[in-house]
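None of these values were measured; they are calculated from a predicted model.
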Amino acid sequence: MSQIAFKLRQVVQRMWFLPAAFSLVAILTVVIAYAMSGLVPDKLPFTLSSEAVESILTVLASSLLTVAVFSLSTIVSALSSASASTTPRAVPLIVGDRSAQTSISMFIGAFLFSIVGIIGLSANIYSEAGRLLLFAVTLAVVVLVVAALIRWIGQMSSIGRVGETISKVGSATEKSFRTVPGDGLLGCRRLSGKPSGEPVFTHRTGYVQHIDLSRLQELADEQELLITVTARPGAYAAPDRPLMLVAGALPEGMADRLVNAFTIGNSRTFDSDPRFGLIVLAEIGSKALSPGINDPGTAIAVVGTLVRVLAQRPEEDSELKFERLLVAPLDPDDLMADSFRPIARDGAGSIEVMLRMIAGLKTLARCRPELERAARGMIADALERGLTAMTAKSDKAALKAAAKTE
């Protein structure tokens, strides 16, 4: 994915984009109705007064403004609830929820359509044919608004809820693993051994959100370079941490061109960073185990989601797309630590959570050979933490039995 496509995708996911798009479509609809009125003969079998159309538009305008404000307040409340009960890192997924955005956008767009239509009727700019066309479009808008209201009623029952948030984070992580399958080589050559080359730094501080690998490959071909990417998406970037190591002659200005292929922002994103999704899921499970919430059932649900995401992640795409780029594979130990260490730490005293986590780790060890060693290591870590935190002999015995190697 190019940088332009990545940035365009980020803009499209913003909460204001769909309402703005629907509002523009609504205004264009009224303008087109006025323009098309000249193509329809004025002498029609029946006429439609301005008051008849204006009354419907007035009802829409007065009611949809209230509905739009109520919908936005519901979204704000859901974001606050999700941030308090799960983790603030999951909020962007709720903001980017297409179904919720579509409903709110429909309300705002229909409201602006009504306002512009009322202004046009009051200015008497529509002919009889134009009023008829406007009336037909108004009826279609009413149908769309009713459908959006029914859909919104169903969405309000789940938006911002803990279970729905876990599901959204899990889906985002699965999608990220499809973007970065298998060992996460991103279509580059596998780095084996110690990397070498001249380090290239950035002047910015933040997180790598995206890398335009096609652009890096073009620059490497142009100067016959071999580039080792040391800061993959999700890595922390700073002026003292190299983004890449370059083997070959770097002409003046080439380092800046290479750095420009990296998109660095203030926070991590889910798009090409599957580890971030695992971290967010672990945060939800860890927060559920805090003394203030004390909800082991949510932690168990998170463990189940983590096991499913890791067990079903796609295999490595064997196609080599960027032969001049080298990337280190994802470390299984990092995946296990991101996913289960916070839950093992905060849930060490809960036998139910620990048993479920050990069972999930055994499933990963059996189903994914590349994760077996790391999963066995995490089982040993969970056993040590559990034996230290638990006081009941029966819980310790059950934990030892569960962790026993098959």
Restricting to non-hydrogen atoms, name the atom on [X] and the atom on [Y] that form the minimum distance, rounded to 0.1 Å.
X      : Y      : value
Pro296 : Leu289 : CA-CD2, 4.0 Å
Ile293 : Lys287 : CD1-O, 3.4 Å
Leu60  : Val141 : CD1-CG1, 4.4 Å
Ala403 : Ile379 : CB-CG2, 3.9 Å
Leu325 : Cys188 : O-CB, 3.3 Å
Glu323 : Leu226 : O-CD1, 4.4 Å

Look only at the side chain of [X] and the backbone of [Y], and say whether a donor-acceptor pair between them is shorter than 3.5 Å.
X      : Y      : value
Lys362 : Ala402 : yes
Ser77  : Ser73  : no
Thr388 : Glu384 : yes
Thr74  : Phe70  : yes
Arg204 : Ile264 : yes
Arg324 : Leu225 : yes
Ser171 : Ser167 : yes
Ser339 : Met336 : no
Ser286 : Ala282 : no
Ser176 : Asp273 : yes

Quick one, His210 with Asp271, criterion side-chain contact (heavy atoms from CB on, under 4.5 Å). Give me CA distance, side-chain angles, the key distance, then yes/no. CA-CA 8 Å; His210 177 260; Asp271 294 324; over 6 Å; no

Should Val353 and Asp346 be marked as a side-chain contact (heavy atoms from CB on, under 4.5 Å) after you check the CA-CA gap, both sets of side-chain angles, and the distance that decides it? CA-CA 10 Å; Val353 173; Asp346 297 325; over 6 Å; no

Is the closest basic N to carboxylate O distance between [X] and [Y] below 4.0 Å?
X      : Y      : value
Asp381 : Arg341 : no
Glu315 : Arg368 : yes
Asp333 : Arg373 : yes
Glu164 : Lys168 : yes

Would you check if [X] and [Y] make a side-chain contact, meaning some heavy-atom pair closer than 4.5 Å?
X      : Y      : answer
Asn260 : Arg215 : no
Arg268 : Arg89  : no
Lys321 : Leu213 : no
Ile118 : Ser122 : yes
Ile343 : Leu306 : yes
Leu387 : Leu383 : yes
Val67  : Trp152 : no
Glu222 : Met254 : yes

Can you tell which of Val307, Ile358, Leu335 makes a side-chain contact (heavy atoms from CB on, under 4.5 Å) with Phe340? Val307

[X] [atom1] to [Y] [atom2] distance, which is reported to the nearest 0.5 Å:
X      : Y      : atom1 : atom2 : value
Arg275 : Asp338 : CZ    : CG    : 4.0 Å
Gln209 : Phe262 : CD    : CZ    : 13.5 Å
Arg257 : Gln223 : CZ    : CD    : 7.0 Å
Asp221 : Leu216 : CG    : CG    : 11.0 Å

Partner residues of Glu174 under the side-chain hydrogen bond (donor to acceptor under 3.5 Å, both in side chains) criterion, sequence neighbours left out: Arg308

Could you pull out all donor-acceptor pairs under 3.5 Å where a side-chain atom in residues 234-251 meets a protein atom, sequence neighbours excluded?
unit_1: Arg241; atom_1: NE; unit_2: Tyr236; atom_2: O; d: 3.0

Got more than 12 heavy atoms from elsewhere within 6.0 Å of CZ, Phe322? yes

Given the rule in the side-chain contact (heavy atoms from CB on, under 4.5 Å) test, do Leu186 and Val229 qualify, once you have shown the distances and angles that lead to the verdict? CA-CA 11 Å; Leu186 302 170; Val229 178; over 6 Å; no

Would you tabulate the side-chain donor-acceptor contacts of residues 298-305 under 3.5 Å, counting partners in other chains and residues two or more places apart, or write 'none'?
unit_1: Thr298; atom_1: OG1; unit_2: Asp295; atom_2: OD2; d: 2.3
unit_1: Thr305; atom_1: OG1; unit_2: Ala301; atom_2: O; d: 3.1

